[in-house]
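Written below as structure tokens is the structure these notes are about.
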Amino acid sequence: MAKVIVDPITRIEGHLKIECEVDGGKVTDAKSTGTLFRGLELILQGHDPRDAQEYVQRICSVCPIAHATAATYALDDALGLTDKIPDNGRIVRNIIQGANYLQSHILHFYHLAALDYVKAPAGVDPLLPQYQGDYRLPDAINAAAVNHYLQALEMRKKAHQLLAVWGGRAPGQRAIVPGGVTANVDVEKIVQSKYLLQDLISFIDNVYVADVKAVAGVYSDWLDIGRGCKNLLSYGVFPQDNNGTRLYPAGVYVNGQDGSFDAGKITEDVKHSWYVDGSGGSKLPTESVITPDPTKAAGYSWLKAPRYDGNVMEVGPLAKLWIAQQPDVRGLGDKAFSVMGRHFARALDASKVAHSLMEWLLQLKPGEPTCAPNEVPKSAHGMGLTDAERGALGHWIKIENYKIAKYNAVVPTTWNAGPRDDSDHPGPIEQALIGTPVKDPNNPIELVRVVRSFDPCIACAVHVITPDRKVREFRVY
Ligand code: NFE
């Protein structure tokens, strides 16, 4: 038996380590460890609630808009604004969040994951170094994909420009606030956005989706690897009105059954997380304690273990499109729950969001209001739920004496990359790793293919520990 540790997992965002036991050429056990304490919720305490959407964007610069969105939804809820958002405000929020979806999904496929399947030409940084692997794309497709790596950088720039038209800057925009947005709507911005979006739609439909299909066709065995827990959760995203209708609906898929979503069933476990247990047991997000305990014996991650009605749940584009009954994803059946299923769902998601962005631009009304006036109450509670690029994202806020008394963000990668829960059930990435074939423990490309398919939100040295516990160091791929 070999113990394989990849720390950090590179070409993802954030700080993640995985530790696998490999026996008979397959992973028999896996542990996923978030190696950095975040603590941003603690920084928020004592601040003006209307600053929350500014602070939380600093959690991550790949998905800052999702955090700003969840924070403002929580504030809309706390300030009694949810049914008062002007159409323009709701639509501009969607446009800013949608633009970030496009840059994030393009980034993930071309600049983070594709090099697990596309052979980089000799001597081309930053495409090299990469793991040794069974790179099997026909030469012409491989060469085109390398070209698309560079084209994708241009496309990310356009998506950021689109975001900045409405958000003032990218990645950390300034427009999304409680009640709507600070941006005004004018014809020039709409025209500029359509111009940028046309190029993005063309790239996503003709290049990104086509490349994912080509890779999935050649690596079709990866439609049977990385199944995971097969329970899915989405909070839904992109409000279409002020009554709760979203472009993608909220929902769950548990033990093979579709179900409706109930926010009251979200809990967090910390038995294996480096946090103080408090009174012990699963906690609602409003009750969970964020007191670090790095010496906890049973702990092995800074991530908590979120659960839905006690179930381990995968979140992300696959969950969202499956729950939305998207026919191409549903049509894959069991194969959707796989490494390639996740890449395919993410590409289809990018296409749907890009086309929806065009529709939203046409719905804007130049000159009309974009924000509802508002006031911070002395005390209130709020919950803001959206689906970030990587899946279900929730923020919970408690206001006391006009200030933030408590804040909690339960983020997509906490759902996907979290550790075992109080019942010792492994998290989604841990489950997806178990059973994965590993040809050479010294070159664990299969493990990073599984982990990267979840698009977790890193960089440095890879340590692979052999049974005699000798640590060897490699350059980072
Ligand atoms: Ni840092 Fe994020 C997204 C959020 S993942 S990328 O999408 O929320 O936890």
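Indexing begins at 1, ligand by ligand and atom by atom, following the structure's order.
- Atoms of ligand 1 lying under 4.0 Å from at least one heavy atom of H67, given by number and element, are 4 (C), 8 (O).
- Taking the six-membered ring for Trp, F337 and W322 have ring centres closer than 6.0 Å.
- Salt-bridge annotation for D29 and R420: present, with a side-chain N of the basic residue lying under 4.0 Å from a carboxylate O of the acidic one.
- Of the options L115, I9, I18, a side-chain contact (heavy atoms from CB on, under 4.5 Å) to V448 is made by I9 and by none of the others.
- Among the atoms of C63, an N, O or S atom is found under 2.8 Å from atom 2 (Fe) of ligand 1.
- Judged by the 6.0 Å and 45° rule, K335 forms no cation-pi pair with F344.
- Close N/O approach between T414 and ligand 1 is not found [any backbone or side-chain N/O within under 3.5 Å].
- Residues Y73 and Y235 keep their aromatic ring centres 6.0 Å or farther apart.
- When each atom of ligand 1 is checked for a heavy atom of A388 under 4.0 Å away, the hits are 3 (C), 4 (C), 7 (O), 8 (O).
- Near E389, meaning under 4.0 Å from one of its heavy atoms, ligand 1 places the atoms 7 (O).
- Aromatic ring centres of Y300 and W274: separated by at least 6.0 Å.
- N100 and Q103 share a side-chain donor-acceptor pair at under 3.5 Å.
- The atoms of ligand 1 that sit less than 4.0 Å from any heavy atom of C60 are 1 (Ni), 6 (S).
- Heavy atoms of P412 come nearer than 4.0 angstrom to ligand 1 in at least one pair.
- Among all protein heavy atoms, the one lying closest to atom 5 (S) of ligand 1 is T413 OG1, 3.2 Å.
- In summary, the atoms of ligand 1 found under 4.0 Å from a heavy atom of L393, numbered by their order in the structure, are 8 (O).
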